[in-house]
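What follows is a short report on a single structure.
Heads up: numbering here begins at 1 and tracks the sequence. Atoms within a ligand are numbered from 1 in the order they appear, just like the ligands themselves.
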Amino acid sequence: MTSPTPVVLVRGDITEQSVDAIVNAANSSLLGGGGVDGAIHRKGGPEILADCRRLRASHYGKGLPTGEAVATTAGRLDAQWVIHTVGPVWRRDEDRSALLASCYRESLRVAGELGARTVSFPAISTGIYGWPLDDGARIAVRTVRQAAAAPVEEVRFVLFDETAYKAFEEALATT
Ligand code: AR6
């Protein structure tokens, strides 16, 4: 029997991580935005945007659908790839949890196809897209535990502030 993939929590900025793949909480345009997305493009440089534009001109003419994931170069980040995924916008009147879980699962699938051994995730959808942090953390931890498999050897959640860190700590302890 194989042992489960370690899940690690780090408090900090995801653009400072040294890992094989950094997951970006993007939007379907793939052309940048605020939050994690803005930070990744700012620090990673124009090579990432150039790759994103190529994707828009080829496979993703209409943009990347919510819940899917696609990889580009990581430009000047200390990583080989950025894996862009589009989280759902949180809605009080509609359960979009399956789409949020899909972001984590699809990002890990893409990471595995690339041969990534270490993968950093932000707390997808919990910023501009408004997902409640505790629920977002539980979905993230549950999905990653179910989906992480070789060649991925470590999944790292990079949490920007103490509140997010605590939410993930609680989710890891109870999920
Ligand atoms: N490192 C780690 N975590 C961060 C960082 C960082 N540098 N910056 C923010 N966070 P968000 P979303 C946290 O808004 O909710 C963009 O405009 C943040 O505190 O980046 O999926 C895209 O283009 C929050 O907990 O992503 C989309 O339009 C979490 O990361 C939209 O925002 C996610 O916040 C996506 O919104």
Q: Check the pair Ile22, Thr15 against side chain to side chain contact (heavy atoms under 4.5 Å, CB included), reporting the backbone distance first and the verdict last.
A: CA-CA 8 Å; Ile22 292 178; Thr15 66; 5.9 Å; no
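Considering CG of Leu99 and OG1 of Thr66, their distance stands at 6.5 Å, rounded to 0.5 Å. Note that CG of Asn24 is 9.0 Å distant from CD1 of Ile124, once rounded to the nearest 0.5 Å. Between Asp95 atom CG and Trp90 atom CH2 the span is 10.5 Å, to the nearest 0.5 Å. Here Phe160 contributes atom CZ and Asp13 contributes atom CG; the two are 5.0 Å apart, rounded to the nearest 0.5 Å.
Each of the atoms 8 (N), 20 (O) of ligand 1 lies under 4.0 Å from some heavy atom of Gly35. The Gly12 neighbourhood of ligand 1 comprises atoms 1 (N), 2 (C), with distances under 4.0 Å to a heavy atom of that residue. Within ligand 1, counting atoms from 1 as listed, the ones closer than 4.0 Å to a heavy atom of Asp37 are 22 (C), 23 (O). Ligand-side atoms of ligand 1 in range of Asn27: 22 (C), 23 (O), 27 (C), 28 (O), range being under 4.0 angstrom from any heavy atom. Of all the atoms in ligand 1, the ones that sit under 4.0 Å from a non-hydrogen atom of Gly33 are 17 (O), 23 (O).
Among protein heavy atoms, atom 21 (O) of ligand 1 sits closest to Ser125 N, 2.8 Å. Of all protein heavy atoms, the one closest to atom 26 (O) of ligand 1 is Ala25 CB, 3.6 Å. Nearest protein heavy-atom neighbour of atom 25 (O) of ligand 1: Thr126 OG1, 2.7 Å. The nearest heavy-atom contact from the protein to atom 20 (O) of ligand 1 is Val36 N, 2.7 Å. Of the protein's non-hydrogen atoms, the one nearest atom 3 (N) of ligand 1 is Phe160 CB, 3.6 Å. When only non-hydrogen protein atoms are considered, atom 33 (C) of ligand 1 lies nearest to Ala123 O, 3.3 Å. Of all protein heavy atoms, the one lying nearest to atom 15 (O) of ligand 1 is Gly127 N, 2.8 Å. Here the heavy atom of the protein found nearest to atom 27 (C) of ligand 1 is Tyr129 OH, 3.5 Å.
Residue contacts with ligand 1 do not include Gly87, since none of its heavy atoms lies under 4.0 Å from the ligand. Every heavy atom of Ser29 sits 4.0 Å or more from the atoms of ligand 1.
By the 3.5 Å distance cut-off applied to N or O atoms, Ile14 is counted among the residues near ligand 1. Backbone and side-chain nitrogen or oxygen atoms of Ile128 are examined, and one is located within less than 3.5 angstrom of a nitrogen or oxygen of ligand 1. Inclusion of Asp13 in the set of residues having an N or O under 3.5 Å from an N or O of ligand 1 is warranted. Backbone and side-chain nitrogen or oxygen atoms of Gly34 are examined, and one is located within less than 3.5 angstrom of a nitrogen or oxygen of ligand 1.
Salt bridge annotation for Glu162-Lys166: present, with a cationic side-chain nitrogen under 4.0 angstrom from a carboxylate oxygen. Salt bridge Lys43/Glu16: present, at least one basic N to carboxylate O contact under 4.0 Å.
Tyr104 and Phe157 have perpendicular rings, their planes meeting at more than 60° on a 0 to 90° scale where under 30° would count as parallel.
Smallest separation of non-hydrogen atoms from Leu172 and Arg145: O-NH2, 3.2 Å.
Within 6.0 Å of atom CZ in Arg56, more than 12 heavy atoms from other residues, nucleotides or ligands are found, so the atom counts as buried in its surroundings.
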